[in-house]
Every structure is written in structure tokens, then in C-alpha cells.
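So that the names make sense, note that chain A is the first sequence line, chain B the second, and so on, each numbered from 1.
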There are 2 protein chains.
Amino acid sequence: MSTPPDRRTRKRLATRLGISNIATRLFLDRGFDNVTVDEIAPAADGGRMTVFNHFPRKEDMFFDRDEELRQLLRATLLQRDPGVAPIEALRLLAHRLVEEQSPYVRFSTASQGFVKTIEASETLKARARAIRDEIAQVVADALAESTGKKAVDADARLAASLLLATWTVALIHGHQTFRQKRNAGEARAAFLAVIDKGTAGLTVALAGTAYIRAATVP
Amino acid sequence: MSTPPDRRTRKRLATRLGISNIATRLFLDRGFDNVTVDEIAPAADGGRMTVFNHFPRKEDMFFDRDEELRQLLRATLLQRDPGVAPIEALRLLAHRLVEEQSPYVRFSTASQGFVKTIEASETLKARARAIRDEIAQVVADALAESTGKKAVDADARLAASLLLATWTVALIHGHQTFRQKRNAGEARAAFLAVIDKGTAGLTVALAGTAYIRAATVP
DNA sequence: ACATTTTATGTACTGAGTACATATTTGGAT
DNA sequence: ATCCAAATATGTACTCAGTACATAAAATGT
């Protein structure tokens, strides 16, 4: 699925990763808005246009993993056990990611740095919201598809939006708990508590729709 | 509550409104990104710096009513009948706004223009999302306050986020229905259907929390 | 080694937003 | 009316992200 890197693509990806790493380091250290592209380029040992070649927007250097997450959610919904409802599949995913210490649900001093950097920049917050909406769209599509609907309807959109809202609040709560208790275990528990509570709630809330039943494409 | 306009403020507000009106007209006609501030200023018979004086961001000229909506929601939650649960109060508000033909829930060819203009611009979409998040924050605060909590906790945040997600999807669905059927009545019905369905769902979903009971500050 | 395609990078421009200075207007005081 | 102080309008000059377009420097296949 992702193992055909000839030399060209390897080099390209290396350049890209180099820029992204250097830039992210700078953003974390000094704040997104206090780092200019004209600084990043030489720091990454390249030209300014090379940066824009790989990253059309400055934020793209910071958010360089969102496509992965989209794929993960899509795959989770579409390739789930037919006996498991979509909502439940996502709940299980949350638990699995926590167990695997996935970067998406990590609560640590390092991740706090990311959170703080995002919170400090309107641009980064905007991009984070955009990603959230894009993911909601992906989930809505996957929900509709996995329950055999032709197009995304209001039900699918609502279910997806409610799910994403739950995840977002769960993440916020996890990070807040970590900030207060300085304890990753408690933070993970707090995150999962919101996920579980939200899932339980949504399960009854959406009982009339297909997204809590274990329906699959016929 | 809002009637102390001496001449100075009156003039200031007039200038502000003039700029906002002209700018919005231009945005609707030609698209947000195809209108420059250097065009708006002379069109509004003023200097470029005057525009930035009143509107720090270009988007502010387009979204010039969001504070009203925040106030409306806050007031609805805080000044509601003690016998009515917060969630129900918001449902009733939705019905009332529809009945009053409030601009916030209007479905017309004119409002389609606004929607299309927003959809066509990444900047405007970003701002719309930001406003949504700010409103969720306001609702979370009001929920916490109206149920006598000292600070916003995960429950309040979750309830507010779920509510806002429901409203957003309801609005999208209303607009989509209008676009397809070209019928304001059907669009309003579609909007309210999502609101009612969502409210019913959230009522059972959040049954454990205080936001569906009719609790008020002691 | 050569031609072709990709990738890296330079130059010059546009347009939003900011810092700072200046003018103009307004409300109130004499 | 006249003058003063605060608020408001506007000009000048700058920074920085992002774009259009051109060119150089690999890399790949023949």
C-alpha cells in the first residue's frame, strides 16, 4: 500500500521531511507566527521556493500527518467486523490507539508543547478546525458507504459531526487533565472516559439511524 | 441595553456600517478573494487605513453580526424559564427564530448567496468555523453557569459541542434542502427536523448530566 | 552521452496586515 | 465663538505569506 519508493521519491520525501522537521522545531521553540519562511528555508538548507513547493501553506509544515489519520478512520469504518456497529468500531479504535501509544492520542509534556503552540496561533487553530471538519466529512462518507447508502444524508452528517465533537472534547479533556495532574495515565483515562460516555450517549441518541447497528454493505 | 448613541458613536457606527455594507456587496458579487481592501476603501469613500481601523481582518466586514448571536444564545440559556431544560430552551429558540424569519435561520436565494460566497473562500470558511467554536464556548459557559457549576467541565463542553454540531448540521441540511427544492418552507421544515431529532437524541444521550433537566442556579 | 521529465531554486510581483505619524473632527470648556 | 483634549480618519512605509513565471539542476530511460 505504501512501499514503492524509487530514489526520486525517496529524495523528495527526505527533502520534505527535513523541511517539516526543522520548521516544526522552530515553531515549537519560538511560536508559529514568530518564524518566517525566509528563516525556515536556509535553516533547512534550501531555497525559499523549495519550501513553498513542498508546502503551499506555512501551516502544512506543522500539520503533516492529517492524511494518515483520515485514512485510519476511513479504514476503521470500512474494514470493520460486520458484527460491530460503526460507532462502536470508533470507540474500540480510541482504546486501541491509547494502548498503542499512538501519537494521535498521546498525552505528554511533548504533546503539550504542540497543543500550546497551536493555541497560541490563530492560523494553526484555524487549520486544526479545518482538519476536524475534513475528518467529519470523511467519517460521514464512510458511515454512509458502510451502511450501504448512496449519498451522505443529514443522518450521516449528524452522526459524524457528533462523533467528531465527542473526540475533540475527549482530546481537550485529556490534555487538560494532563496539564493539571501531570499524569499520562490519568489523562488517558480522562480521554477514554469522555469517549465511552459520549459513545454510550450517541448510541442511544442515534438509535433510530443505521450507525449504531452492525449493518454492512449488502 | 443598547441605546446610548451620542453623535460621535453614531457617526462611527455609520462609517463602520457603510464599509461593511459596501464590502459585503462586493464580496457577494465577485467573491471574497477577488476583492481587495484597496478597492473597498475608495468604494466606501474612505481611506485604506480607515477600513483596517474598523475591521482588523478583511473577514470582519463580512461577518459583522456574530456578537449578536452569541448574546442571543447566552441570554436564551441564562434567562430561560426555570422549568425548561437548557437543551429544550435552545430547541424552542430554533423554532422561534424560524417563525420570526430571523436572518440566522433564513433560507432564501439571498442567503444562498451568502452560503456560496463562504463556501468559495477558505478564509471565510475558517472564520465561520472559528465563530462556531466561540459560540460553543459561550454555550458551554452558559450551560455551566445556568446549572450552577463554577467552571466549565468536560460535560458542559461535550453538551455544548454536541448542540453546536447539531445546529450546524441542521443549517447545512436546511440550505441543502432549499438548494434542491427551491422551497423555503421545506427548507425550514428540514432544518427543524434535524434540530428536533438531534435534541431528542441528545436529551437521552446526556440524560446523566444536568443539561437536560430543568435545573437552575440555586 | 542525450533527451525528457522532475525537482530545486531564483526573480519579481500582489495583497493583507502592522507601526507609526499626522490630520481632522468632535465634545466640552472658557 | 474659541480653544483644548480626546477620538477618529487617513497617509507613509514596512513586513511577510503566497503566486506567476522562468531557469537551473538532478534523475531516469534510451
Asker: Quick check: are there more than 12 heavy atoms from other residues, nucleotides or ligands sitting under 6.0 Å from CD of A:Glu99?
Answerer: no

Asker: Where does the angle between the aromatic ring planes of B:Trp167 and B:Phe191 fall among parallel (under 30°), tilted (30 to 60°) and perpendicular (over 60°)?
Answerer: perpendicular

Asker: So for A:Arg8 and D:dA27, does any side-chain atom that can act as donor or acceptor lie under 3.5 Å from a complementary atom in the base?
Answerer: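 Indeed, a donor on one side and an acceptor on the other fall under 3.5 Å apart.
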
Asker: Provide, to the nearest angstrom, the distance between the CZ atom belonging to A:Arg10 and the C1' atom belonging to C:dT6.
Answerer: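 Rounded to whole Å, this separation is 16 Å.
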
Asker: With rounding to the nearest 0.5 angstrom, report the CG to CD1 distance, B:Asp66 to B:Ile131.
Answerer: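 Between B:Asp66 CG and B:Ile131 CD1, I get 4.0 Å after rounding to 0.5 Å.
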
Asker: Quick one: B:Glu122 CD to C:dA16 C1', roughly how many Å, whole number?
Answerer: 17 Å

Asker: Ignoring hydrogens and geometry beyond distance, is the side chain of B:Arg12 in donor-acceptor contact with the base of D:dT8 at under 3.5 Å?
Answerer: no

Asker: Nearest-Å distance, CZ (A:Arg7) to C1' (C:dT7)?
Answerer: 13 Å

Asker: For D:dA27, does either OP1 or OP2 sit under 4.0 Å from a side-chain N or O belonging to A:Lys11?
Answerer: yes

Asker: Rounded to the Å, how far apart are B:Arg127 CZ and C:dG17 C1'?
Answerer: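 The distance from CZ of B:Arg127 to C1' of C:dG17 comes to 13 Å, rounded to the nearest Å.
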
Asker: Tell me if the OH atom of A:Tyr104 is crowded by more than 12 foreign heavy atoms within 6.0 Å.
Answerer: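 Yes.
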
Asker: Look at B:His54 and D:dT8 and indicate whether a side-chain polar atom (N or O) is within less than 4.0 Å of OP1 or OP2.
Answerer: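 For D:dT8, neither OP1 nor OP2 has a side-chain N or O of B:His54 closer than 4.0 Å.
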
Asker: What distance separates B:Lys181 NZ from B:Phe107 CZ, expressed to the nearest 0.5 Å?
Answerer: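 Answer for the NZ-CZ pair, B:Lys181 versus B:Phe107, is 13.5 Å.
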
Asker: Protein within reach of the bases, or only the backbone? For nucleotides 10-21 of chain D, mark each nucleotide 5' to 3' as B, S or -, using heavy atoms under 4.0 Å.
Answerer: BBB---SSBBB-

Asker: Atom CG of residue position A:Asp38 - does it have more than 12 heavy atoms of other residues, nucleotides or ligands inside 6.0 Å?
Answerer: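 Yes, because the 6.0 Å sphere around CG of A:Asp38 holds more than 12 heavy atoms from other groups.
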
